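Since this is a predicted model, take the numbers as computed values, not measurements.
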Amino acid sequence: HRMPLLLDRHGLDVWLSDDADINFSDLAMSADLLIDIHPVSNRVNSIRNNDSSLIDTIAIEESKPLSLF
């Protein structure tokens, strides 16, 4: 329920328009807007932490389910 919305230039223009009746099929993600997903430290959940290690990939235990929270 908290998936980011990745838009190309056209989709961004549609999203930011004053039109209240947005056709969400017009916001389809372009094939060139791919992202890499990898687990990061739970240190990202605190504003006290602010360094580049927050985006380093970490190893996860296979027995633990992945979660956004």
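- Residue Asn50 qualifies as open at atom CG: its count of foreign heavy atoms under 6.0 Å is 12 or below.
- Of the possible donor and acceptor atoms, one in the side chain of Asn49 sits under 3.5 Å from a partner among the backbone N and O of Arg43.
- Contact record, Val40 with Leu54: CB-O, 3.5 Å, taken as the closest heavy-atom pair.
- Under the 4.5 Å side-chain heavy-atom criterion for grouping Ile, Leu, Val, Met, Phe, Trp and Tyr, Ile58 is not connected to Ile55 through any hydrophobic cluster.
- With hydrogens and angles ignored, the 3.5 Å screen pairs a side-chain donor or acceptor of Asn45 with a backbone N or O of Asn42.
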